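Report on the following structure.
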Amino acid sequence: MSRLLCVLYLIGGFFLLGCAAEPFRPSPAAGPSSHQTITALTEKAAAYEIADEIQLAMLCWRRILVFEPDHSDALANLERLQNVSAERARTSFQSAEETLAQKRPKDARRALLLTLRLDPQFDVARKHLEEFMNPPVFQWHQLSLGESLVDLSNKYYR
């Protein structure tokens with residue numbers, strides 16, 4: 001009986017508290033607190049851009065657009081940073097292809113990772129990383145007459 005009572009209290013509490021309510025969304029006229037938040041996010045976006053953290057700066061500008069969808073500075077800066085990020089990603093990918101052609105896999109891997117950091121949706125760079133940077137874990141061996149599994153294990157695994 002006490003278990004049933006506890007369950008009923010929990011269900012009643014959830015019902016009364018409205019846990020299925022829509023998440024908080026700031027109203028367009030939220031007042032001075034939204035202005036302070038926008039100012040803080042603007043400063044943080046500028047600091048991230050100076051530190052060359054383009055994705056984090058874009059995240060700040062997107063957060064500003066949540067508070068104020070028609071914020072002209074946020075729209076302009078977001079578009080500018082998206083263009084900068086896309087151009088840097090293309091340049092980094094070209095560098096990765098050149099270093100792959102020169103048989104420098106470590107430098108190519110670094111450039112491909114930078115490409116994906118600048119543009120996480122760059123599928124060609126992701127495929128290059130998967131194909132060229134992760135060699136297969138197996139090794140081919142052609143059996144010759146008289147070889148046994150013991151010989152192979154001694155040869156490869158000691």
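On a predicted model such as this, the values are computed, not experimentally measured, just so you know.
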Would you call [X] and [Y] a side-chain contact if the rule is heavy atoms closer than 4.5 Å?
X: I64; Y: T42; result: yes
X: K155; Y: D151; result: no
X: L143; Y: L152; result: yes

How long is the span from the [atom1] atom in [X] to the [atom2] atom in [Y], to the nearest 0.5 Å?
X: L75; Y: D70; atom1: CG; atom2: CG; value: 7.0 Å
X: K44; Y: L56; atom1: NZ; atom2: CG; value: 9.5 Å
X: D119; Y: S92; atom1: CG; atom2: OG; value: 10.5 Å
X: Q102; Y: E97; atom1: CD; atom2: CD; value: 12.0 Å
X: R110; Y: T99; atom1: CZ; atom2: OG1; value: 9.5 Å
X: L114; Y: R109; atom1: CG; atom2: CZ; value: 13.0 Å

Does [X] come within less than 4.0 Å of [Y], counting only side-chain N to carboxylate O?
X: R88; Y: D52; value: yes
X: K127; Y: E130; value: no
X: E53; Y: R117; value: yes

S153: side chain to side chain donor-acceptor pair (under 3.5 Å) partners, not counting sequence neighbours |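 For S153, no residue satisfies side chain to side chain donor-acceptor pair (under 3.5 Å) once neighbours in sequence are set aside.
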
By side chain to side chain donor-acceptor pair (under 3.5 Å) - contacts of Q55 (at least two apart) = S85

Should H35 and F67 be marked as a ring-ring contact (aromatic ring centres under 6.0 Å, His included) after you check the CA-CA gap, both sets of side-chain angles, and the distance that decides it?
-> CA-CA 9 Å; H35 180 69; F67 285 99; over 10 Å; no

Are [Y] and [X] connected in a single hydrophobic cluster, I mean Ile/Leu/Val/Met/Phe/Trp/Tyr linked by side-chain heavy atoms less than 4.5 Å apart?
X: L116; Y: L112; answer: yes
X: L65; Y: L81; answer: yes
X: V66; Y: L59; answer: no
X: M58; Y: L118; answer: no

Which residue pairs pass the ring pair (Phe, Tyr, Trp, His ring centres under 6.0 Å) test with at least one member in residues 36-58, sequence neighbours excluded?
-> none

Of all heavy-atom pairs between [X] and [Y], which one has the smallest distance, and what is that distance?
X: Q142; Y: E147; result: O-OE1, 3.9 Å
X: A45; Y: A57; result: O-CB, 3.6 Å
X: H141; Y: Y156; result: ND1-OH, 2.9 Å
X: C60; Y: L41; result: CB-O, 3.8 Å

For R80 and N83, test the side chains for any donor-to-acceptor distance below 3.5 angstrom and give the result as yes or no.
-> no

Is the ring centre of F93 less than 6.0 Å from the ring centre of H128?
->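 F93 vs H128: aromatic centres under 6.0 Å.
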
Answer yes or no: is there a donor N or O on one side and an acceptor on the other, between the side chain of R126 and the main chain of P120, under 3.5 Å?
-> yes

